[in-house]
Every structure is written in structure tokens, then in C-alpha cells.
Asker: 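Mind having a look at this structure? Questions to follow.
Owing to the predicted nature of the structure, the values given are computational and were not obtained by experimental measurement. Letters A, B, ... are given to chains in the order of the sequence lines, protein chains preceding strands, and every chain is numbered from 1.
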There are 2 protein chains.
Amino acid sequence: MQSFTEENYLKIIYHLSLNTESAAQTNAIAERIQTKAASVTDMIKKLADKKLVDYKKYQGVKLTESGKNAAINIVRRHRLWEVFLVEKLNFKWDEVHDIAEELEHIKSPELIERLDEFLAFPKNDPHGDPIPDKNGKLDNTVFIKLSKLKTGDKGLIMGVSEHSSVFLQHLEKVGLTLGKQIRITEITDFDGSVELSIENKQINVSREVAKHILIKI
Amino acid sequence: MQSFTEENYLKIIYHLSLNTESAAQTNAIAERIQTKAASVTDMIKKLADKKLVDYKKYQGVKLTESGKNAAINIVRRHRLWEVFLVEKLNFKWDEVHDIAEELEHIKSPELIERLDEFLAFPKNDPHGDPIPDKNGKLDNTVFIKLSKLKTGDKGLIMGVSEHSSVFLQHLEKVGLTLGKQIRITEITDFDGSVELSIENKQINVSREVAKHILIKI
DNA sequence: CTATAAGTTTAGACAAATCTAAAAAAATAT
DNA sequence: ATATTTTTTTAGATTTGTCTAAACTTATAG
Ligand SMILES: [Mn+2]
Ligand SMILES: [Mn+2]
Ligand SMILES: [Mn+2]
Ligand SMILES: [Mn+2]
């Protein structure tokens with residue numbers, strides 16, 4: 001069983017490794033975990049001793065099979081708790097991440113299975129991210145960034161790739177929430193900002209925002 | 001804000017001080033918290049520095065007003081989570097304590113207020129213990145031990161004063177659960193064991209068990 | 001009232017996770 | 001190819017919470 005801290009490292013390494021084959025770098029981990037590179041090196045050694053990561057000096061780290069399983073489990077817990085907070089306790093989607101950061105470390109496997117059942121086995125968390133099942137299986141459908149669409153394209157909002165509170169609150173305010181249908185009406189030449197129609201309203205989002213909205217056509 | 005460990009000490013000191021005016025003793029704390037007396041002394045000093053306990057060497061500790069508030073808050077969280085686990089996730093009353101020991105340390109006050117609301121502001125936990133309200137107010141009705149009743153006395157089971165899994169499972173098995181009405185039919189001379197009728201059945205419980213069942217007449 | 005026992009504290013050490021500063025390796029630029 | 005910059009690691013210190021062994025205080029028994 002891993003400590004609270006070890007779990008945080010595993011999860012960060014997992015996220016850093018998601019869309020790449022290359023190893024996670026010390027500095028990248030340090031930045032995400034809000035610590036110093038020296039501390040990361042220490043922890044990496046410890047995780048390597050426990051066979052949770054493969055580590056070669058100066059070459060970064062990769063999760064082993066067993067490390068990856070542990071990480072996916074943490075992700076599962078995090079996302080199930082987020083669903084609970086939004087669906088049952090009526091938190092908004094921008095308020096749940098920090099609380100889930102704590103709840104994800106509660107160890108009882110029985111608790112998570114029952115929570116999953118209580119929530120009716122949700123497939124996605126409030127941000128559209130897939131929830132691994134109890135065997136660690138994970139839907140890895142990849143959605144298209146809104147910023148890749150062309151004028152006239154239609155689609156459904158399926159997720160976001162940025163989870164900060166300001167960003168999520170902004171989306172909420174302009175009505176860009178999960179499940180909504182959108183159609184691109186224009187892409188501004190000058191700044192690449194996207195004009196789109198959603199529920200009979202016309203709104204404009206910056207290219208920066210559009211990059212972090214995930215669409216299913 | 002207190003650490004996980006500090007919170008555990010505060011809670012134990014609170015429980016040890018409940019039915020007494022005298023200070024909590026080092027060894028008693030050590031035993032409850034599964035540590036050594038020397039460690040307790042160290043932690044007590046730290047809590048005293050933080051004005052959470054009053055401490056005079058060799059004289060034990062008492063919670064200050066602020067320490068007591070913190071402790072009651074932890075008790076509130078513990079008991080609300082226990083209700084959640086039993087009412088919403090269908091855990092049995094003997095299965096929830098250890099999980100609640102972890103959940104009680106999740107810090108968000110907003111989370112607890114919403115959980116309280118979600119559970120419809122329960123007054124008691126699954127073991128009959130009162131849940132402090134958000135201002136720390138706590139129903140301190142004292143119930144009578146089943147072992148104090150005389151032949152012919154009737155009453156309702158309101159709580160237990162022993163929370164071990166074996167004990168709770170035993171009560172479950174013989175049908176002595178919260179809210180049930182009982183009537184004492186005989187008290188055995190030989191061993192003081194109690195014969196009682198409950199839902200038209202006759203059962204016998206040892207004096208030791210009877211001491212830990214709390215009754216409202 | 002003194003001797004012994006029980007309970008508590010101190011001193012010094014240790015493990016986990018962190019940090020700063022300096023050294024070493026790798027990447028990049030000229 | 002060499003110099004410079006960036007990244008990573010090491011060395012040594014620090015903090016939190018723990019431990020053992022020894023010293024000290026308080027309680028108890030004769
Ligand atoms: Mn999150
Ligand atoms: Mn999420
Ligand atoms: Mn409990
Ligand atoms: Mn309880």
C-alpha cells in the first residue's frame with residue numbers, strides 16, 4: 001500500500017505520460033506536484049525500489065505495470081468522488097477538484113465499489129473524463145478540440161482539457177457545458193476566435209478557450 | 001488547521017474527557033492511539049503550544065475551549081460519514097468505523113455542510129451517538145445501561161457504548177438493534193445475565209453485553 | 001515515613017518527506 | 001568542438017511524528 005504522498009506522485013506521472021511514449025521528466029513532475037526537483041528525485045528512487053516506476057538516472061521515469069494500475073485506481077477514485085460531489089451534493093463542476101484530491105486517498109476498496117454502485121456506475125466525471133472500471137479498464141475515445149473545427153461543423157460538447165476554476169466558471173457562464181450541441185458559424189481571421197451557435201444563441205470564444213473544449217462530431 | 005495526527009489526538013482526548021472532570025492521562029491516550037507514552041508527551045506539548053490543550057507536567061491534559069471545538073468538529077465529521085456509509089452505501093453498522101476514521105480528516109467545511117443536508121440533518125449516527133450540529137451543539141441526553149434495568153422494565157434501544165465489530169455483529173445476530181423495544185423478563189442470579197423479550201422472542205444476553213446497550217425507558 | 005511500583009518526561013535516535021546549495025550530466029548554441 | 005545553459009542528482013540539513021532507554025515524579029503499600 002502506498003502513502004498519500006506516493007499516490008500523488010504516481011498520479012502525476014500517470015497524467016504526464018498519458019499522451020506520450022516518452023518518460024516523465026523530473027522538473028515536470030516537480031512543477032505539477034508543487035515541490036522541488038531534488039525532492040522528486042528522492043521520491044522517484046523510492047518508487048523505483050518499490051517497482052512502481054522504471055527509472056534510469058537523468059532519463060526520467062515511466063510507470064511499471066503495477067505502478068500504472070495503482071495510478072489508474074487513484075484516478076478512478078478521484079473521478080467517482082467528483083461525480084458524487086456534483087450529482088449528490090450539488091457542487092458545481094468547478095468546485096470539486098480540490099475536495100476530490102483529498103477523498104481520492106481514502107483506501108477502502110469496498111467503499112469505492114459501493115460508491116460506484118450508488119452513483120449507478122457512471123462512465124464519465126463532471127468534466128467529461130472517463131472513469132476507469134474496477135478492473136482498471138478505461139474508455140479512451142479521443143475527442144476533437146473545438147479549435148480544430150471548421151465553419152459549419154456541428155458537434156456535442158464532451159469534455160474539457162483544462163480544469164481550472166476560472167476556466168470552468170467561464171464556460172458555465174457562456175453556457176458551454178457538457179452535452180450541449182454547438183455549430184460553428186464563423187472563425188474570425190484576425191484572432192482565430194470562434195463564433196458558434198448554441199441553443200439559438202450566438203456566442204464567441206477565444207481560440208485559447210476553444211483549444212480546451214472537446215467535441216464529438 | 002491541524003494535521004491528521006493532531007486531529008486524532010484531539011479526538012481521543014475529547015473522548016477520554018467525556019464522562020469525567022479529571023484530566024486525560026498520558027498512558028490512557030497512548031493506549032487508545034496505539035502509540036508510546038513518550039510520543040504522547042511530545043504531541044501534548046505541541047498541542048499545548050497551539051493552545052489546544054491545557055497541560056501541566058505529570059498532571060495530564062484537558063482540552064481548551066478551542067481544542068474542544070476542534071474535537072467536536074472531528075466527531076461531527078466522523079458520525080456524519082458513518083450515517084452516509086450506512087444509509088446511502090448500505091454498509092452494516094459494524095463496518096463503518098474504520099472508513100469513517102479516514103473520512104473524518106477531509107478538511108472542507110462546505111463538504112460537511114452539504115453532506116449533512118444530503119443526509120437530511122441526522123441527529124444520531126448508526127450507533128446511536130449524537131451528531132453535533134454545525135455550531136458544535138450536541139444533544140447530551142444520557143441513556144440507561146440495559147444492565148441497570150430490573151425485571152419487568154420496558155425500554156427502547158437507543159445506542160451502544162462499545163463499537164467493536166464483534167460486539168455489533170453479535171447484537172445484530174440476536175436482533176438487538178437501534179429502535180427496538182425490549183422488556184426484561186428475568187435477571188439470572190447466578191451470572192447476572194439478562195433474559196429479555198424482543199419482538200415476541202425471548203433472548204438471553206450476558207451481563208457484559210447488557211452493560212454496553214443503552215436504553216430509554 | 002520510607003521503599004517500591006506505576007506513570008510520565010527527557011534525551012537521543014530514526015524514518016518520511018522536504019529543502020538549499022553545490023556538483024554532475026545532458027542539451028543547446030556558437 | 002567547445003562553451004553555455006538547462007536539467008538532474010547528490011550532500012547535508014530540517015520538520016513531523018515516532019521509538020527506546022534512562023531519569024524523574026507521583027502514587028501506593030507496608
Ligand atoms: Mn479533478
Ligand atoms: Mn475531473
Ligand atoms: Mn465510529
Ligand atoms: Mn459511531
Asker: Starting at atom CG of A/L47, determine the distance to atom P of C/dT18, rounded to an integer number of angstrom.
Answerer: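 Spelled out: CG on A/L47 to P on C/dT18 is 11 Å.
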Asker: Of all of residues 4-13 of chain B, which get a heavy atom below 4.0 angstrom from DNA chain C, listed by number?
Answerer: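 DNA chain C contact set from residues 4-13 of chain B: none.
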Asker: By side chain to side chain donor-acceptor pair (under 3.5 Å), which residues pair with A/E6, not counting sequence neighbours?
Answerer: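 Applying side chain to side chain donor-acceptor pair (under 3.5 Å) to A/E6 gives A/K46, A/K50.
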Asker: List the residues meeting side chain to side chain contact (heavy atoms under 4.5 Å, CB included) with B/Y58, not counting sequence neighbours, and say none if there are none.
Answerer: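 By the side chain to side chain contact (heavy atoms under 4.5 Å, CB included) rule, B/Y58 matches no residue at all.
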Asker: Can you tell me the distance, in whole Å, between the CG atom of A/D42 and the P atom of C/dC19?
Answerer: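 So the two atoms are 10 Å apart, to the nearest Å.
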Asker: Please determine if A/K88 forms a cation-pi arrangement with A/F118, meaning its NZ or CZ atom is less than 6.0 Å from the six-membered ring centre and no more than 45° off the ring axis.
Answerer: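 Yes, A/K88 and A/F118 form such a contact.
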Asker: Check salt bridge (Lys or Arg N to Asp or Glu O under 4.0 Å) between B/E172 and all other residues, then give those that pass, not counting sequence neighbours.
Answerer: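 With sequence neighbours excluded, B/E172 shows a salt bridge (Lys or Arg N to Asp or Glu O under 4.0 Å) to no residue whatsoever.
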Asker: Between the protein and nucleotides 24-28 of chain C, list every N/O to N/O distance that falls short of 3.5 Å.
Answerer:
from   : atom 1 : to    : atom 2 : distance (Å)
C/dA25 : O4'    : A/Y58 : OH     : 3.4

Asker: Applying salt bridge (Lys or Arg N to Asp or Glu O under 4.0 Å), can you list everything that pairs with A/E101, at least two apart in sequence or on another chain?
Answerer: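 Per chain and number, A/E101 pairs via salt bridge (Lys or Arg N to Asp or Glu O under 4.0 Å) with A/K11.
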Asker: Considering residues at least two apart in sequence or located in another chain, which fulfil the side chain to side chain donor-acceptor pair (under 3.5 Å) criterion with B/R207?
Answerer: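 Applying side chain to side chain donor-acceptor pair (under 3.5 Å) to B/R207 gives none.
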Asker: Enumerate the residues from residues 24-40 of chain B whose closest heavy atom to DNA chain D is under 4.0 Å, giving them by residue number; use none for an empty result.
Answerer: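 DNA chain D contact set from residues 24-40 of chain B: B/T35, B/K36, B/A38, B/S39.
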Asker: A/D49 CG to C/dA15 P: how many Å, rounded?
Answerer: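 Computing the A/D49:CG to C/dA15:P distance gives 14 Å.
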Asker: For B/E195, what residues pass the salt bridge (Lys or Arg N to Asp or Glu O under 4.0 Å) criterion, not counting sequence neighbours?
Answerer: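 Partners of B/E195 by the salt bridge (Lys or Arg N to Asp or Glu O under 4.0 Å) criterion come out as none, since no residue qualifies.
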Asker: Just the rounded figure in Å: distance from C1' of D/dT15 to CE of B/M43.
Answerer: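 After rounding, the gap between these two atoms is 12 Å.
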Asker: Apply salt bridge (Lys or Arg N to Asp or Glu O under 4.0 Å) to B/E186 and list each qualifying residue two or more places apart in sequence or on a separate chain.
Answerer: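 Scan of B/E186 (salt bridge (Lys or Arg N to Asp or Glu O under 4.0 Å), adjacent residues dropped) gives none.
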Asker: Which pairs pass salt bridge (charged side-chain N to carboxylate O under 4.0 Å, His left out) with one or both residues in residues 61-78 of chain B, sequence neighbours excluded?
Answerer: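 Pairs touching residues 61-78 of chain B that pass the test: B/E7-B/R77, B/R76-B/E113, B/R76-B/D116.
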Asker: Taking only residues two or more places apart in sequence or in another chain, which ones pass side chain to side chain contact (heavy atoms under 4.5 Å, CB included) with A/R79?
Answerer: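 So A/R79 forms a side chain to side chain contact (heavy atoms under 4.5 Å, CB included) with A/H15, A/V75, A/D125, A/D129, A/P130, A/I131.
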